[in-house]
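Here's the structure we're looking at; comments come further down.
Basis for what follows: all heavy atoms, side chains included, without hydrogens, waters or symmetry-related copies. Below, chains carry the letters A, B, ... as their sequence lines are ordered, and counting in each starts from 1.
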2 protein chains.
Amino acid sequence: MARTEDPAGRERILTAATALFYANGVRAVGMAEVIAAAGCGKHMLYRHFPSKAALVAAYLRRVRAEREKSTGRALAAAAGEATGAGEQLVALVAEVAAWVQRGDCRGCAFRTYLTEFPAGDDEPAMVARDYLRDTRQQVDELVAALGEPKITGDRIWLLIDALYGGTGTPPQIAVDWARELTEVG
Amino acid sequence: MARTEDPAGRERILTAATALFYANGVRAVGMAEVIAAAGCGKHMLYRHFPSKAALVAAYLRRVRAEREKSTGRALAAAAGEATGAGEQLVALVAEVAAWVQRGDCRGCAFRTYLTEFPAGDDEPAMVARDYLRDTRQQVDELVAALGEPKITGDRIWLLIDALYGGTGTPPQIAVDWARELTEVG
DNA sequence: GTCTATAGAAGGATAGAC
DNA sequence: GTCTATCCTTCTATAGAC
């Protein structure tokens, strides 16, 4: 047999690409930059990801997996406490607020991608739109399961939209409003 | 003597550029595309706008002027009716909601630009950031003039952020919430 | 020898600027 | 129209591990 394949290669490339795409935008980052950051050759990159679109789709899927893990933990913790019916909805908003307050946060990767490519209908665009659709549906399902009125789902999602697209307002404002909303409703 | 200069030239270029930049994004539109849409020559474009950054800055300034005219009309109309203290704040949110509901709307030109160029500090970035800062300040001033609590300004701005960055939620949700907010406060 | 790796040149397209 | 630069992608050249 021949030289053994580097098992961490794909992972290293995707990690480097994720950091670069998220920090600087997909359009601004070229394949050469990813190659330099990953410390690999072009051959290896195009072996694992046959095109830039494939690499971007993998980047968005990785972000989705991380976001879902974080959101799942927050919801499970809120369900464990079970202090009130709407606590899970508040926890959902608070999780996004915590994410937005991170120093290296630069908004929502999916909304950002769709802003960069508004007319796109390729693989990454589908990943981004699927995430937004599924997440929005999860909010509605959670609201229904908690017996809250349907408009509460609209308002929770509105707060999440505002957090991700926020321009200066402290994220805590949204969390407080979510708590007030679920206590009144 | 030479050929007389086309007085409508700059206007025609800027109109074409505005439509293209707003619809497809600044990065996706090249100078050649603007030239083709404006039906002018390269020389004329670079005569009026010495660089793409200058053209983009002019595009953002034009959008700002249009937005301010529309917002000013909405606020004046609400002040004329004078049915309640918070009606002007509701009118502000409603004006953004109406803008967002337009068929050719693709969000906020300034937020979109800053998403496309997150690390930019050139002329268009300054125009975009100035608009957001000034508009945010106008909301706070309006809230103060109406004798509303400070947090009302935060929440109104949050609703505006959500409208511009909205992903599917009907804009009317934000308007209704703004009305409820100002009636309770 | 064969497979995988990196490095670099080159093609083909497109961008901004003159 | 042209010049230069960059981007994505492919291809060639070469070194190292089995």
message: Please list all pairs meeting ring pair (Phe, Tyr, Trp, His ring centres under 6.0 Å) that have one or both residues in residues 123-162 of chain B, counting only residues at least two apart or in different chains.
response: B/F110-B/Y131
message: Using whole Å, what does the distance between atom C1' of nucleotide D/dC7 and atom NZ of A/K52 come to?
response: 8 Å
List the atom pairs, donor and acceptor, that lie under 3.5 Å between side-chain atoms in residues 100-107 of chain A and the rest of the protein, sequence neighbours left out.
residue: A/R102; atom: NE; partner: A/D104; partner atom: OD1; Å: 3.2
residue: A/R102; atom: NH2; partner: A/D104; partner atom: OD1; Å: 3.3
residue: A/R102; atom: NH2; partner: A/D104; partner atom: OD2; Å: 2.9
residue: A/R106; atom: NE; partner: A/Y22; partner atom: O; Å: 2.9
residue: A/R106; atom: NE; partner: A/A23; partner atom: O; Å: 3.0
residue: A/R106; atom: NH2; partner: A/Y22; partner atom: O; Å: 3.3

task: Please answer whether the main-chain N or O of B/R179 pairs with a side-chain N or O of B/T182 as donor and acceptor at a distance below 3.5 Å.
output: yes
- prompt: Just how far, in rounded Å, is P of D/dC7 from CG of A/L20?
  reply: 13 Å
message: B/A97: which residues meet the side-chain contact (heavy atoms from CB on, under 4.5 Å) condition with it, sequence neighbours left out?
response: B/L163, B/P171, B/V175
- prompt: Any side-chain N or O of B/Y46 less than 4.0 Å from the OP1 or OP2 oxygen of C/dC18?
  reply: no
query: Over how many whole Å does the gap from A/M31 atom CE to C/dG12 atom P extend?
result: 20 Å
task: Could you run through nucleotides 4-11 of chain C and give me one letter per nucleotide, 5' to 3': B if any protein heavy atom sits under 4.0 Å from the base, S if only the sugar-phosphate is that close, - if neither?
output: BSBSBB--
message: What contact category does B/V34 fall into here, base, sugar-phosphate, or nothing, at under 4.0 angstrom with non-hydrogen atoms?
response: nothing
field: Whole-Å distance separating the CZ atom of B/R27 from the P atom of D/dT6
entry: 14 Å
message: Just to verify, what does A/D154 make a salt bridge (Lys or Arg N to Asp or Glu O under 4.0 Å) with, not counting sequence neighbours?
response: A/R136
query: Can you tell me how far P of D/dC8 sits from CZ of A/F21, to the nearest Å?
result: 8 Å
query: If you look only at pairs with a residue in residues 25-47 of chain B, which of them pass as a salt bridge (charged side-chain N to carboxylate O under 4.0 Å, His left out), with sequence neighbours excluded?
result: B/E5-B/R47
